[in-house]
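Comments concern the structure below.
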Amino acid sequence: MCGIVGYIGTQKASPILINGLIRLEYRGYDSAGISTIEKEGLSIMKDQGRVKNLYSLDGINNLEGTIGIAHTRWATHGKPSKENSHPHLDNSKTFGVVHNGIIENYNELRENLNKKGYTFYSETDTEVIPNLIHYYYTKEAKKDLSGFLQAVKNACSELKGSFALEIICKHYPDNMIVVRKDSPLVIGKGENENYISSDIPAILSFTKNFYLINDLEYCILSRNNAQFYDKDLNPIKKETKSIEWNASSAEKDGFEDYMLKEIYEQPIAIRETVGARLFENSKCTFDELNFTKEYLKNINKIYIVACGTAMHAGLVGKNMIEKLCRIQTEVDVASEFRYRNPLIDEKTLCIFISQSGETADTIAALKLSKEKGAKTLAITNVIGSSITREADYSLYTHAGPEIAVASTKAYTSQVILFATLSIYFAETLEVNNSSIATLKNDILELPKKIEDTLKISENVKDFAKQVYQEKDIFFLGRGIDETVAREGSLKLKEISYIHAESYPAGELKHGPIALIENGITVVGVVTDKDLLEKSVSNIQEVITRGAKTLIITNQNLDDKMFNEVINIPCTNSLLSPILSIIPLQLFSYYIAKEKGLDVDKPRNLAKSVTVE
Ligand code: AGP
């Protein structure tokens, strides 16, 4: 989705802005642009295409301004084009704006502004914003910084939808105004300079101290200050938060792609996420939670709500919670949950998972659950992200920044967090379950087994070379393996653009088997000992019909039956999704590489889906 960068300081802004945009490229975009305040007024440099194209725009190297705003656009209103790219200026070229989000009532605002004599040069929803600010500024008696702020506030109170905004004005070369609502934005504090960004990794090499802004809080930035205001423009104080991530964790570190690096970071991500929460001989602790036995006993249902890969982690979490704690747990896609009037009340615990913590549907689902009286718990990877500011409780995975659009280490970290959370629930409930001690031990042994799995999984590369030109690939599994099949299939379609489908293996005969023909590729996940024979006989059925098969298993199978078998280490059946997904992550990766695709930035996708 769109990315925002801003700078106010003592250095030339344009290289810093472009550099920041390059670091935001992973979010997905189709055009880019910057605007700085120059002696002659606002400069504007923008175009469709890659950020690096900005370097070839006429005059870009002559920019001297030390304050500027920048944007990568992911088209929503209007096709990708130079005109639709941000920044946008008002008609008088006094105000420059970049915007992340969607203005739902832009048509109405546009018509009103048209009647007042404003003209629009783009098809975007954003262009109404600088013009609205201009409109209010001209009506302001005070033509000073407070008048500028008031005009921004008046404009924002007309906007319906979501927005993160950076606003500059040619009359105020020493200030910038930022505000957000339901869209991410952080401010990084430097020495006599401040940085603005949609997310932390983009400006991590400049600072580790961040101000986190809440919805409808305004900030006037100067070179050495950040003054915050609440929604009614009363001044408020804010402290910076220091972020542990280091700049190199957002670099490729010698790997060809972020995705590959992140796949290989899974042992450390799991270790860090388990951290000090779990030890072999003591109770599992979550200092962030204060759940009592009484509270957990009275829960009528747990809902796990998320999107995409995070939802798949939720499916694994459901299995853990139900098996260990016997609490009924449902998993739902956030975009469905929020519109189907779900049956929740104050006895429901709603858990929301989001790597970015900024996914619009997941946040909306959380807000809805709160309105209905449920307790809300967020699981995210990004400290201070929007979801943590809405939820009653927040738990962090410690996967480090995940840059590749295709989620890998965040998924396995979410799954391991669910394992420890389930143990915490079970121990608080005083569930008499001897398997908990074994599970704890298995969790502690897991990072080493992930390392072993990574080595073995490299064997999938040859099979990837054989099938990378396929049009369709099917994924099968039963029980917990079915959730892994789903995630494997999502990973493949995301980065290789191959049509991939996953099915519970037992469903084959009810329709999908009609699609199996000679030469088709089928991936089977077979780790559940209790369902072994049933899974194998389903796979046998596709082999009989001519399918080529890749099998991920920790069971003793007859390798000769299949085209390729990846034998992963055995672990606790609750944890097996963490190991069995690894060869499938690498399978997708190597297929995409064979096809020569941009693995980290697949087409049409964004890392952080901040609009619904
Ligand atoms: C994962 O590979 C995808 N990029 C996508 O499904 C993602 O998991 C989903 O958009 C949810 O994102 P979140 O975890 O940041 O909320």
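Any value given below was found using the heavy atoms of this structure, including those in side chains, with hydrogens, waters and symmetry copies removed. Order of listing sets the numbers, starting from 1, for every ligand and every atom in it. This one's a predicted model, so the numbers in the text were calculated from it and none came from an experiment.
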Min heavy-atom dist T362 to ligand 1 below 4.0 Å: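 Flag not set, T362 not near ligand 1.
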Any M311 heavy atom less than 4.0 Å from ligand 1: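 M311 does not count as a contact of ligand 1 under the 4.0 Å cut-off.
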Would [X] and [Y] pass as an ion pair if we require N to O under 4.0 Å?
X	Y	value
K455	E451	no
K491	E494	yes
K261	E256	no
E322	K318	yes

Aromatic ring proximity, centroids under 6.0 angstrom, Y106 and H77: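 Between H77 and Y106, the centre distance is under 6.0 Å.
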Centroid separation F291 to Y393 less than 6.0 Å: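 Centroid separation for F291 and Y393: below 6.0 Å.
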If you have a sec, work out which protein heavy atom is nearest [atom] and how many Å separate them, to one decimal?
atom	result
atom 16 (O) of ligand 1	T359 OG1, 2.4 Å
atom 8 (O) of ligand 1	T309 N, 3.2 Å
atom 3 (C) of ligand 1	E494 OE2, 3.0 Å
atom 11 (C) of ligand 1	C307 O, 3.3 Å
atom 10 (O) of ligand 1	V609 CG2, 4.0 Å
atom 15 (O) of ligand 1	S356 OG, 2.6 Å

Using a 4.0 Å cut-off to any heavy atom of [X], which atoms of ligand 1 qualify?
X	value
S407	1 (C), 2 (O)
A406	2 (O)
G308	6 (O)
K491	1 (C), 2 (O)
A310	8 (O), 14 (O)

Please say whether [X] places an N or O atom under 3.5 Å from an N or O atom belonging to ligand 1.
X	result
Q414	no
Q355	yes
V405	yes

Side-chain heavy atoms of Q355 within contact of V382, under 4.5 Å: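 Of all side-chain heavy-atom pairs linking V382 with Q355, at least one is under 4.5 Å.
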Mutual orientation of the aromatic rings belonging to Y503 and F474 [parallel < 30°, tilted 30-60°, perpendicular > 60°]: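 Rings of Y503 and F474: parallel, as their planes differ by under 30°.
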H71 and H86 aromatic ring geometry - parallel, tilted or perpendicular at 30°/60° bounds: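 Judged by the thresholds at 30° and 60°, the geometry between H86 and H71 is parallel.
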Among I581, V331, L490, I353, the one residue meeting side-chain contact (heavy atoms from CB on, under 4.5 Å) with H312: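 Among I581, V331, L490, I353, the one meeting side-chain contact (heavy atoms from CB on, under 4.5 Å) with H312 is L490.
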